[in-house]
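Accompanying notes for the structure given below.
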Amino acid sequence: MTEHIVRAFEEELVSLNEKIARMGELAERQLADAVNVLQRRDLDLAAEVIAADDQIDDSERDIEEQVIIMIVRRQPMALDLREIMAAIRISSDLERVGDLAGNIAKRVVSIGADTHPQRLLHGVDRMSKLAMKQLKDVLDAYSGRDTRKAIAVWHNDEEIDNMYISLFREFLTYVMEDPRLITPCTHLLFAAKNMERIGDHATNIAETIHYLVHGKPLIETNRKLISL
Amino acid sequence: MTDTQKCKEYFPDATGGASGCAVKLHGRDVNVFYDDKQVLFDVNLAIGEKMVTALIGPSGCGKSTFLRCFNRMNETISSCRVAGRVELDGFNVRDIDVVELRARVGMVFQKPNPFPKSIYENVAYGPRIHGLAGTSAELDDIVTSSLERAGLLEEVHNRMNELGTGLSGGQQQRLCIARAIAVNPEVILMDEPCSALDPIATARIEELIDDLCQNYTIVIVTHSMQQAARVSQRTVFFNLGKLVEEGDTTQIFTNPHDKQTQDYITGRFG
């Protein structure tokens, strides 16, 4: 791609990309920590995860401010406009990922010292691994402007959705068998729902990448993706 | 062939208001030379009726030269030669009497150029020489309605006898637009009409363009990408005398297909 005549504009776009990359790293770390909290029931780490959400919120505000300044100064068009719109959309999705990771940590705090059988965690672990992979893949797709990878992420979301449905049924069976598991199962189901929502945000980011690169939206028809 | 079919043929990608219009102007294989130097190369372009078409491109790309083909203004330049066919409603503009043509295809220039006469006379001059008014009352009506359509009447109604050149730049440009529409044209060509105006005067002209396109076909040459994006339904990009890309304005400014267009509108050119 030819560089802008105005070098400062070029630098602003590079800086915006770097900020998204940093925010992505923060969100990934936040999610990984939240999953650790869940697996190890580590209440100290839970407090750190909840507190670290402020950092992601600050990043989003910083990106928003830069985008506003760039719109005022540069009045972007075409690919530049799409870059800037993508940055603001992705930062909003990442901010929600941070919130959802924080919510997972809060669930663990709510479960507290109550013990529950390890088997309850198996399904949530599987979901969390997939959610982390989805987030990592979509951020890689963004940094490489790789629409093929983004579309793969989009398709994989169905797996997380199915896992959530299957987990819901599994937990239903557990609580019917043993009403003492109602509280931990409910908290864990909320945690699983947060993972599922994180998957949705990865999908949003995948759609944004497609728009950024091709200037056209992805349209879903019967779970088949059509690139307009 | 119906007008709508024509439109679909020439603007297959058109959306919104641009999708239901007929072709008003048409350049076919237009080549323009200044002496031996060719400045336009095989330009083919259909312009829809009652919509705003913006011509954009770097200085010297030929967009103003192309604009001037529609009312044969290039003939006023002795070294200029136009080859190919330029049509108004399907008729070759060369077969239309030039005085009639320029009444049907009005023009507004970069720098406001009112006559050194009163505001009233500036507007009344055209209808008078074209015999559009039988009585002075009819002429008054034409002057008043033209100034009103140009959004200037309220500001000048009590100073009709003052010199047009005494108005502000933005008012002078609206006076020129009133002068152009007083002879009841079908097309208004605008060659960078706001380049000498401040943002408020520019906004007034842009508001006026929005109103005027209900009744007139407008072709505007502009260096302001934002202005093209704001006022037009179709945008055409020229470079080095060639038509590079034309399309719906939204598409051109969000997702141009040609790399040259993308580079130009994002400031990566040259």
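Computed from a prediction, not measured in an experiment: that's the story for all the values here. Residue numbering restarts at 1 for every chain, and letters A, B, ... go by the order of the sequence lines.
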Checklist entry - Within the side chain of Gln262(B), is there an N or O that forms a donor-acceptor pair under 3.5 Å with the backbone of Leu79(A)? => result yes
Item to check | More than 12 heavy atoms from other groups under 6.0 Å of NZ on Lys242(B) | outcome: no
Item to check | Other residues, nucleotides, ligands: >12 heavy atoms within 6.0 Å of Lys133(A) NZ | outcome: no
Item to check | Side-chain heavy-atom pair Met77(A), Gln226(B) within 4.5 angstrom cut-off | outcome: yes
Checklist entry - If you draw a 6.0 Å radius around CG in Leu240(B), do more than 12 non-hydrogen atoms from other residues or ligands fall strictly inside? => result no
Item to check | Phe41(B), CZ atom: more than 12 neighbouring heavy atoms under 6.0 Å | outcome: yes
Next on the checklist: Tell me whether Phe168(A) at atom CZ has more than 12 heavy atoms from other residues, nucleotides or ligands lying less than 6.0 Å away.
Outcome noted: no
Checklist entry - Can you tell me how far the OG1 atom of Thr254(B) sits from the CG atom of Asp80(A), to the nearest 0.5 Å? => result 12.5 Å
Next on the checklist: Is the shortest side-chain heavy-atom distance between Val6(A) and Arg268(B) below 4.5 Å?
Outcome noted: no
Checklist entry - Roughly how far apart are Thr266(B) OG1 and Leu81(A) CG, rounded to 0.5 Å? => result 11.0 Å
Item to check | chain A neighbours within residues 106-113 of chain B, where any heavy atom lies under 4.5 Å away | outcome: none
Checklist outcome for this item: Value for CZ (Arg82(A)) from CG (Asn255(B)), rounded to nearest 0.5 Å, stands at 4.5 Å
Item to check | Asn162(A) CG: over 12 foreign heavy atoms closer than 6.0 Å | outcome: yes
